[in-house]
Asker: 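Have a look at the structure that comes next, please.
Keep in mind that what you see is a predicted model, and the values were worked out from it rather than measured. Side chains included, hydrogens not; waters and symmetry mates left out as well; all remaining heavy atoms used. Below, read A as the first sequence line, B as the second, and so on, with proteins coming before strands; counting in each chain starts at 1.
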Protein chains: 4
Amino acid sequence: MGIQERKTREKGLRRNQILEAAKEVFSSKGYNTATIEEIADVAELSPGTLYIYFKNKEELHTFLSIDILKHIAEEVELVAQDNVSSDVKLDNLRDVFIKVYEKDPMILISLFHLQAGETLRNLSTEVLDQLKQTSARALSAITSIIVEGIEAGVFIDDHPVALADVIWSTFSGVVLWVDSKRLLNDQKDFVKSTLKIAFSIAKKGLKKD
Amino acid sequence: MGIQERKTREKGLRRNQILEAAKEVFSSKGYNTATIEEIADVAELSPGTLYIYFKNKEELHTFLSIDILKHIAEEVELVAQDNVSSDVKLDNLRDVFIKVYEKDPMILISLFHLQAGETLRNLSTEVLDQLKQTSARALSAITSIIVEGIEAGVFIDDHPVALADVIWSTFSGVVLWVDSKRLLNDQKDFVKSTLKIAFSIAKKGLKKD
Amino acid sequence: MGIQERKTREKGLRRNQILEAAKEVFSSKGYNTATIEEIADVAELSPGTLYIYFKNKEELHTFLSIDILKHIAEEVELVAQDNVSSDVKLDNLRDVFIKVYEKDPMILISLFHLQAGETLRNLSTEVLDQLKQTSARALSAITSIIVEGIEAGVFIDDHPVALADVIWSTFSGVVLWVDSKRLLNDQKDFVKSTLKIAFSIAKKGLKKD
Amino acid sequence: MGIQERKTREKGLRRNQILEAAKEVFSSKGYNTATIEEIADVAELSPGTLYIYFKNKEELHTFLSIDILKHIAEEVELVAQDNVSSDVKLDNLRDVFIKVYEKDPMILISLFHLQAGETLRNLSTEVLDQLKQTSARALSAITSIIVEGIEAGVFIDDHPVALADVIWSTFSGVVLWVDSKRLLNDQKDFVKSTLKIAFSIAKKGLKKD
DNA sequence: TATGAATGAGGTTTCATTCAT
DNA sequence: TATGAATGAAACCTCATTCAT
């Protein structure tokens, strides 16, 4: 490994170190209550260092969210392009959501908090645009699955864009609600099981007849 | 009307004046971004006056949410106690949600932001307890509807508490998601129509067969 | 005196209290080295209070400068409109400068520091525009005095705008230089005497023949 | 050329590289707004390297100013020692100033900003002393020209030290003022022409009769 | 000698809350 | 009860300077 290469990897490591710390603090405290100083503490770095890698607090936060949203969009697009029945695609869609949740629950919750919360109201246009576009990509892939199912005569013939919204709402609603229940009641994590039930109900509800 | 009574009514009016203003500002700005000064401005009062009626910013915010949550809980309990089929109860449940949304969309959104957001992480135990209890009341009423439907053999025989969570998740998920789409894309409000679709799918999904 | 009136006067006093403190600190430390906290200390107020009366540090600083520049512009315009010979006008012009300097040496120095220094490079367009306009007013009044003198055949027939620049330069140059000498050598203030000499030389230099 | 010598020259080159960059950045941004990082960027070096050649930011900045001030002092002393009439000396003095300005307008402006600005208030005693001494050398040379003129009966018999101040003030005042006009109005550079006018007026004003 | 990532002190600014009137 | 000016703690962010490589 050359010096350049090692330096690049080290730089990547430092970025990750910050991102991990930010993920932890944002997830447990929320955007506004989290402080740069605390993130720096967790990352075992000084506050100033964070500003070498990220322009400001907002950019650091949004980076986390857009990153996972991009990942979701890509996975959902893959599912939509698969050569299987729309019925199976719906199952695969559910599994994408579950997998994403299991891989990184906190950052996913963070994304939905961003999407549902007040931070949204205070983003720069540039960042907001990225969020919109990536979000639109994911939604349009879901819509295409629904449309295919309708055309194949297996799904009810309703407004497919609205149905995609329902899918997405169900997903994010379950994650946020079950997470908040966990916080409120110190219960264990039952997002996965609730998601399974929610999707099986939604799937049955989408079916014709 | 005696002097005491008039004073009480005036006091109530002043409180409402503040609550209305707080509702408006919290809903449009979010908890952290909203300032006491702006709420006072909207209420046409001085900042100091707000502290005569509410202990602090948090109490003012949570009061709004708990208030509507109590209302929802009561309405849902009424629906559950009604002497109709569980099938019809599910429709009535949907209408409760729609009515609440239509009566005061902003405060409902505010409740869900509270439930999904970072404020939750910074509440006093006392306030948190109230939130938990009221929330539990609503959920348990929904659960009872599901249980009844299962016992009557019309609903699928799954974990009824989880099904209640799914109902609640769907409701809150749709409201938050559609609201955020409205904000992001400056679209008009289509919460009601999406809610109707979401509930018809959920209902069909819940049915046995 | 009514309550309203007293309050207004008190508010004005508080503003002045801040302006006086700012003048003192900016003049002795310069813009960048001066801190809001020190100004607040001198004003015997808390830092936050300064932000009730002025939007930010820049506005506070520029307010001082624009204010005196406006005063200069007005006085110079009066001198220019007077019904006396251009020869006498030149003397009156000198006296305006001397009077302004004697009334408030620090704030005048502050203006020239603003005009000559780096702060200029970091002003908002809005504030810069005000500065330009007021500055232009003063210069154009000086120019009109020169033009009149040229037309009357008493002043040399050179580019009058440049001559106005020379007058202004002489004025600000003397003030800044003598002030800096005072700082460097802990000498007493000899701006007035130097100004008198500078103007008598300039006046003689401007005369025809 | 021996190794030692080459090293010395390389060291000198590196120093110049830094000084050139510093000159450019300080002149366009001002002392406080200029950052070490930007100077390092322009010099195509790393920030750390600058600290090998200069103790700190202040020393770097003041080195530039003292350097040109020394140059001015030397040139003015030469003019004063010349074997020509005081009348011609005054012309030569003007030409020194013009030549210095034309050779390096930015660094001259930088010197006057130092002299007129807030940096002056924050220099170390050591550096301040150097500035004082060099400045005194230049002023005393100018004074000697005036004295000679007075003794020869061609200049008015006023306080010669003050007259030297007036000369210097005129010079620095014109440079700063015209530079600031250029900045404010995006006009072209008319320092030279204004300087010529200013000196011709001053010269005429200094003449007896 | 040269690097440049990291530091951390210190600055500006915000805003929930208080309290004299 | 109502006011609203004042507070001051705490947040974000910058950047001169250092030091391990």
Asker: Take a 6.0 Å sphere around CD of C:E37 and say whether it holds more than 12 heavy atoms from other residues, nucleotides or ligands.
Answerer: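 Count not over threshold, so no.
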Asker: What I want to check is whether the side chains of C:S46 and C:T49 have a donor and an acceptor closer together than 3.5 Å.
Answerer: yes
Asker: With respect to the side chain of C:N56, which nucleotide from F:dA16, E:dT17, E:dT13 is positioned closest?
Answerer: E:dT13
Asker: Measure from the side-chain heavy atoms of D:I36 and tell me the nearest of E:dT17, E:dA6, F:dT17.
Answerer: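 Nearest listed nucleotide: F:dT17.
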Asker: Report the distance from atom CD of A:E38 to atom C1' of F:dC12, rounded to the nearest whole Å.
Answerer: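 These atoms are roughly 15 Å apart.
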Asker: Rounded to the nearest Å, what distance is computed from the CZ atom of residue A:F54 to the C1' atom of nucleotide E:dA6?
Answerer: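 To the nearest whole Å, that distance equals 16 Å.
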Asker: Does a side-chain N or O of C:R14 approach OP1 or OP2 of F:dA6 to a distance below 4.0 Å, or not?
Answerer: yes
Asker: Write down the distance between CG (B:D41) and P (F:dG4), rounded to a whole number of angstrom.
Answerer: 10 Å
Asker: Check every atom of E:dT7, E:dT12, E:dA2 against the side chain of A:T49 and return the nucleotide holding the closest atom.
Answerer: E:dT7
Asker: D:K57 NZ to F:dC15 P: how many Å, rounded?
Answerer: 8 Å
Asker: Is there side-chain contact between B:V127 and B:F63, with at least one heavy-atom pair below 4.5 Å?
Answerer: no
Asker: Mind checking whether A:L19 and A:L60 have side chains closer than 4.5 Å, heavy atoms only?
Answerer: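 A:L19 reaches A:L60 side chain to side chain.
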Asker: Is there a side-chain contact between A:L45 and A:R14, using heavy atoms and a 4.5 Å cut-off?
Answerer: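 Yes, side chains in contact.
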Asker: Would you say E:dG11 has OP1 or OP2 under 4.0 Å from some side-chain N or O of C:T35?
Answerer: no
Asker: Could you state the OH-P distance from B:Y31 to E:dC15, rounded to the nearest angstrom?
Answerer: 13 Å
Asker: Nearest nucleotide by nearest heavy atom, which residue falls closer to the 5' end of DNA chain F, C:E44 or D:E37?
Answerer: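 Result of the comparison: C:E44.
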Asker: Checking base pairs now: Watson-Crick or wobble, both atom distances under 3.5 Å. What partners E:dT17?
Answerer: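 Base partner found: F:dA6.
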Asker: Roughly, in whole Å, what's the span from CZ in B:F26 to C1' in E:dC15?
Answerer: 13 Å
Asker: Where the side chain of B:I52 is defined as all heavy atoms beyond and including C-beta, which of F:dG4, F:dT7, F:dT1 is the nearest nucleotide?
Answerer: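 Taking heavy atoms from C-beta onward, the closest nucleotide is F:dT1.
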Asker: CG of C:L50 versus C1' of E:dC15: gap in Å, rounded?
Answerer: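 It works out to 16 Å between those atoms.
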Asker: In whole Å, what is the span from the CG atom of B:L13 to the P atom of F:dT1?
Answerer: 15 Å
Asker: Describe the nucleic acid contact of C:A43 in one word from base, sugar-phosphate, nothing, applying a heavy-atom distance below 4.0 Å.
Answerer: nothing
Asker: With a 4.0 Å limit, can you tell me whether D:S46 has a side-chain N or O closer than that to the phosphate oxygens OP1/OP2 of E:dA2?
Answerer: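 Result: no.
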Asker: Return no unless some side-chain N or O of C:Y51 is found under 4.0 Å from OP1 or OP2 of E:dT14.
Answerer: no
Asker: Of the listed nucleotides (E:dT3, F:dA5, F:dG8), which one gets closest to any side-chain atom of C:Y53?
Answerer: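 That would be F:dA5.
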